[in-house]
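Step one of this worksheet: look at the structure below.
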Amino acid sequence: VQLVESGGGLVQAGGSLRLSCAASGFTSVDDYAIGWFRQAPRKEREGVSCISSSDGSAYYADSVKGRFTISNDNAKNTVYLQMNNLKPEDTAVYYCAADYLRVGVLRPQAILEYNYWGQGTQVTVSS
C-alpha cells in the first residue's frame with residue numbers, strides 16, 4: 001500500500017485548503033480506513049479525521065469539527081480533507097494513513113492502528 005499526499009501550502013487565517021491522499025495497493029474488494037493526522041513542531045502527532053471506504057462513515061477530532069470535512073472518491077482511491085476557517089494552531093505537517101477496516105481503526109486517535117503512512121504535506125496558517 002502506498003499513499004501520496006498533496007495540497008498543502010501557506011494560507012492566511014480564515015482561509016481554506018484541500019488536501020488529497022491518493023492510495024494504491026488496495027484491491028476493489030478491500031474495505032479500508034484512511035485517516036488524517038498532523039504533527040506540529042515539538043508536539044506529538046494527533047488524529048484529525050478518518051473515513052471508511054465501505055460506507056463513508058467519517059469521524060473528526062473535536063478541534064476540527066465544523067471546519068474540516070473528509071470525503072472519499074473510491075473510483076479514484078483518493079481521500080480529501082477540506083479545511084475551512086483555518087487557524088494558526090492548525091499549522092502542522094499533515095499525514096494520511098491507511099489500514100484495513102477492522103474494529104478500532106475508525107477513531108481519529110487510533111494512530112497505532114494504522115500501518116501505512118504517506119510522506120506528509122506541510123500546512124502553514126499565518127495570523
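For the numbers below, each heavy atom of this structure counts, side chains included, while hydrogens, waters and symmetry mates do not.
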Check your understanding: Do NZ/NE/NH1/NH2 and the carboxylate oxygens of D90 and K87 come within less than 4.0 Å?
Key -> no

Quick one: does any side-chain atom of [X] pair with a main-chain N or O of [Y] as donor and acceptor, under 3.5 Å?
X    : Y    : answer
R107 : G47  : no
S53  : Y32  : yes
D99  : N115 : yes
E46  : R38  : no
S49  : Y59  : yes
N72  : N74  : no
E5   : Q119 : yes

With a 4.5 Å cut-off on side-chain heavy-atom distances among I, L, V, M, F, W and Y, is there a chain of contacts connecting [X] to [Y]?
X    : Y    : answer
Y114 : V93  : yes
Y80  : I51  : no
F68  : L106 : no
L81  : Y116 : yes
I70  : V105 : no

Tell me the closest heavy-atom pair linking [X] and [Y], and the distance in Å.
X    : Y    : answer
L101 : A33  : CD1-CB, 3.9 Å
A23  : I34  : CB-CD1, 4.1 Å
A92  : A40  : CB-N, 3.8 Å
A110 : G104 : CB-O, 3.5 Å
G8   : L19  : N-CD2, 3.6 Å
G15  : V11  : CA-CG2, 3.8 Å

Check your understanding: Taking side chain as C-beta onward, heavy atoms only, is M83 less than 4.5 Å from V125?
Key -> no

Practice item. Flag the pair W36 / Y60 as yes when at least one side-chain heavy-atom distance between them is below 4.5 Å, and no otherwise. Key: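 No, too far: nothing below the 4.5 Å cut-off.
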
Practice item. Evaluate the criterion side chain to side chain contact (heavy atoms under 4.5 Å, CB included) for residue pair V48 and Y95; output intermediate values, then yes/no. Key: CA-CA 10 Å; V48 175; Y95 300 89; over 6 Å; no

Exercise for review: Just do the side chain to side chain contact (heavy atoms under 4.5 Å, CB included) check on Q12 and L86 with the steps written out, would you?
Suggested key: CA-CA 8 Å; Q12 289 188 332; L86 282 161; over 6 Å; no

Point to revise | Separation between CG of L10 and CG of L17, rounded to the nearest 0.5 Å | key: 8.5 Å

Point to revise | Whether over 12 other heavy atoms sit under 6.0 Å from Q2 CD | key: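 No, CD of Q2 has 12 or fewer neighbouring heavy atoms, counting only those of other groups under 6.0 Å.
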
Point to revise | Within residues 28-127 or reaching into it, pairs that qualify as disulfide (SG to SG under 2.5 Å) - sequence neighbours excluded | key: C21-C96

Check your understanding: What pairs of residues pass the salt bridge (Lys or Arg N to Asp or Glu O under 4.0 Å) test when at least one of them lies in residues 14-36, not counting sequence neighbours?
Key -> none

